[in-house]
Amino acid sequence: MPELPEVETVRRGLAPAMEGARISAVTTRRADLRFPLPLDLARSLTGRTITSIGRRAKYLLIETEGAPLLISHLGMSGSFRIEQMEGAITPGQFHHARGKDEKHDHVVFDLKHADGRGYRVVYNDPRRFGFMLFADEERMHPMLSALGVEPTGNAFDGAMLADLLRGKNTPLKSALLDQRLIAGLGNIYVSEALWRAGISPLRTAGSIVPKRVAAGSRPDRLAQAIRAVIAEAIEAGGSSLRDHRQADGSLGYFQHSFAVYDREGQPCQHPECKGTVQRIVQAGRSTFYCSQCQR
DNA sequence: ACATAGACCTGTTGGC
DNA sequence: TGCCAACAGGTCTATG
């Protein structure tokens, strides 16, 4: 499912329910997702107060007072949903209104706020490519420390992108998916950004780097296209093709704005272009592009 | 260093 | 209608 915009959408949905809440219970319904869940997941988190819900690339970062940083990745099909308990929790009350358990609900966080609000936050993941891990004491983890630049950051521009791609013979599409270079892009937004920038996914990464990276050069256009498509997708609540839902259950709608992704055979949307959207396979994954205007 | 293929899983879709 | 292959937003591993 989720690339950076979808994960950011989930983060924004979870934050109001989770930040400031005390974790009253953690329930695991199975011992593993993609990797074994930490054996001490419930023991370490129960009783802790959540201080912030962050994001790095496609990872959610759940920070508490006292426990190690919890890293959560949604894989292809992971989602969180928030169930609100009815009314304030009173002593002795044990029966809370809540949704039914669903298939593939794997981890449940019971949360209580000081003002009496109570929530269940449920992690559901049919394919179980997602995972949850604790980072070590330095709040780092090999999976985080290897990540490249955040494409939403201020430093990400044409010059930086050119530096990342220079000299690489790998296809541009593959380089843009490499999380060690740029962290957070996935299959959808790479295709969309390349179409916006008018650059072929088949070019080698290094071949788009000119001697001088001026405004309007390929790396400059591509960096701007990446920034724009990511920002627009976040604004739209992400793209809901199959699995992605915001934490409140609503769908994202950026899929309606796709120019090429999942649009094989449709006319290219560039005004003067007579081309048709092609689907090809690169490194085992679909790429969508217009061979007329993407060179 | 780099390219490709396979692995992990379940669910949905499209063609016959 | 049923069956089965292909495919899906990710990323790690093995192999050349």
Side-chain angles (χ1 to χ4, degrees), chain A residues 1-11 29-37 55-60 71-80 102-106 123-133 141-148 151 164-194 201-207 226 229-230 232-234 236-246 251-258 260-265 279-288:
Chain A
M1 158 181 82
E3 307 180 30
L4 190 159
E6 288 73 35
V7 179
E8 176 60 21
T9 298
V10 170
R11 188 199 70 75
R29 301 276 168 73
R30 53 178 300 131
D32 61 325
L33 299 172
R34 175 168 180 186
F35 307 121
L37 288 164
R55 180 191 60 74
R56 172 76 169 101
K58 304 175 191 174
Y59 295 82
L60 286 169
I71 300 169
S72 170
H73 195 292
L74 302 174
M76 290 281 266
S77 60
S79 64
F80 280 95
E102 290 177 22
K103 201 174 180 184
H104 307 302
D105 286 349
H106 303 311
Y123 180 71
N124 182 284
D125 189 353
R127 296 178 73 179
R128 302 199 304 275
F129 287 170
F131 51 86
M132 291 185 196
L133 297 170
H141 188 279
M143 286 175 166
L144 297 182
S145 54
L147 290 171
L164 293 169
L165 301 179
R166 186 173 289 116
K168 293 207 164 15
N169 284 314
T170 193
L172 181 55
K173 161 89 184 305
S174 304
L176 295 175
L177 284 177
D178 186 341
Q179 302 297 298
R180 297 168 302 181
L181 301 177
I182 303 164
L185 297 182
N187 216 32
I188 292 176
Y189 299 108
V190 165
S191 280
E192 292 297 316
L194 285 168
L202 295 165
R203 295 183 68 114
T204 64
S207 74
I226 289 169
V229 75
I230 294 286
E232 289 169 32
I234 291 171
S239 302
S240 291
L241 267 53
R242 278 161 277 275
D243 300 307
H244 170 62
R245 283 182 177 270
Q246 306 187 39
L251 299 171
Y253 54 89
F254 192 73
Q255 66 277 11
H256 303 302
S257 301
F258 290 169
V260 288
Y261 186 85
D262 219 7
R263 298 255 185 277
E264 183 181 16
R279 175 185 175 275
I280 60 171
V281 175
Q282 292 180 285
R285 313 196 64 199
S286 293
T287 301
F288 298 88

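Numbered from 1 within each chain, the chains take letters A, B, ... in sequence-line order. Remember, predicted model here, so these are calculated numbers, not experimental data. Hydrogens, waters and symmetry mates are skipped; everything else that's a heavy atom, side chains included, is used.
- Lys173(A) has its side chain within reach of Asn187(A): a pair of non-hydrogen atoms, C-beta onward, lies under 4.5 Å apart.
- dC9(B) and dA14(C): their P atoms are spaced 16 Å apart (whole Å).
- Scanning atom types as modelled, one donor and one acceptor separated by under 3.5 angstrom connect the side chain of Arg127(A) and the base of dA8(C).
- OP1 or OP2 of dG10(C) has at least one side-chain nitrogen or oxygen of Arg285(A) nearer than 4.0 Å.
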Any protein N or O atoms within reach of nucleotides 12-16 of chain C? Criterion: under 3.5 Å, listing atom names and distances.
| unit_1 | atom_1 | unit_2 | atom_2 | d |
| --- | --- | --- | --- | --- |
| dC12(C) | O4' | Arg34(A) | NH2 | 2.6 |

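- One finds no side-chain N or O of Ser77(A) lying less than 4.0 angstrom from the OP1 or OP2 phosphate oxygen of dA8(C).
- Nucleic acid contact class of Asp125(A) (heavy atoms, under 4.0 Å, all strands): none.
- Contacts of Ser286(A) with the nucleic acid, taken as non-hydrogen atoms under 4.0 Å apart, involve only primed sugar atoms and P, OP1 or OP2.
- For the atom pair CG (Leu74(A)) and CE (Met132(A)), the distance works out to 8.5 Å, reported to the nearest 0.5 Å.
- A search for side chain to side chain contact (heavy atoms under 4.5 Å, CB included) contacts involving Arg30(A) returns Asp32(A), His106(A), Arg128(A), not counting sequence neighbours.
- The CG atom of Asp125(A) sits 11.0 Å away from the CZ atom of Phe131(A) when rounded to the nearest 0.5 Å.
- Not counting sequence neighbours, the partners of Ser257(A) by the side chain to side chain contact (heavy atoms under 4.5 Å, CB included) test are Phe254(A).
- Listed by first residue number, the stems of DNA chain C with at least three Watson-Crick or G-U pairs below 3.5 Å are B:2-8 with C:10-16, B:10-16 with C:2-8.
- Atom CZ of residue Arg11(A) and atom CG of residue Leu60(A) lie 8.5 Å apart, to the nearest 0.5 angstrom.
- A donor-acceptor contact closer than 3.5 angstrom links the side chains of Ser286(A) and Arg279(A).
- As judged by a 4.0 angstrom heavy-atom cut-off over every strand, Lys58(A) is placed among residues touching the sugar-phosphate backbone only.
- Note that CD1 of Ile71(A) is 6.0 Å distant from CG of Leu133(A), once rounded to the nearest 0.5 Å.
- What separates CG of Asp243(A) from C1' of dA8(C) is a distance of 8 Å, to the nearest Å.
- The heavy-atom pair separating Pro151(A) from Ala183(A) by the smallest distance is CD-O, 3.1 Å.
- A distance of 5.5 Å separates CG of Leu176(A) from CG of Leu194(A), quoted to the nearest 0.5 Å.
- The distance from the CE atom of Met143(A) to the NE2 atom of His73(A) is 8.5 Å, given to the nearest 0.5 Å.
- Comparing Gly167(A) and Gly284(A) along DNA chain B, the residue whose closest nucleotide (by nearest heavy atom) sits nearer the 5' end is Gly167(A).
- Regarding Phe129(A), its CZ atom lies at a distance of 16 Å from the P atom of dC7(C), rounded to whole Å.
- Annotation: of the two residues near DNA chain B, Pro171(A) and Pro126(A), the 5′-most nearest-nucleotide partner is Pro171(A).
- Taking the P atom of each, dT12(B) and dT11(C) are spaced 23 Å apart, rounded to whole Å.
- The nearest whole Å value for the distance from the CD atom in Glu6(A) to the P atom in dA8(C) is 16 Å.
- Here His73(A) does not reach the OP1 or OP2 of dG10(C): none of its side-chain N or O atoms lies under 4.0 Å away.
- In the 5' to 3' direction, nucleotides of DNA chain B lying under 4.0 Å from heavy atoms of chain A begin and end at dA3(B) to dG11(B).
- A search for side chain to side chain contact (heavy atoms under 4.5 Å, CB included) contacts involving Gln246(A) returns Thr9(A), His244(A), Asp248(A), Ser250(A), not counting sequence neighbours.
- Between dA6(C) and dA5(B), the distance separating the two P atoms is 15 Å to the nearest Å.
- Across the protein-nucleic acid pair, Arg56(A) atom CZ and dG10(C) atom P stand 16 Å apart, rounded to whole Å.
- Protein atom CD1 of Ile188(A) is 7 Å distant from nucleotide atom P of dG10(C), rounded to whole Å.
- Taking all atoms of both residues into account, the shortest heavy-atom contact from Ser239(A) to Ile188(A) is CB-CD1, 4.3 Å.
- Atom pair Asn187(A):CG and dG10(C):C1' shows a separation of 10 Å (rounding to whole Å applied).
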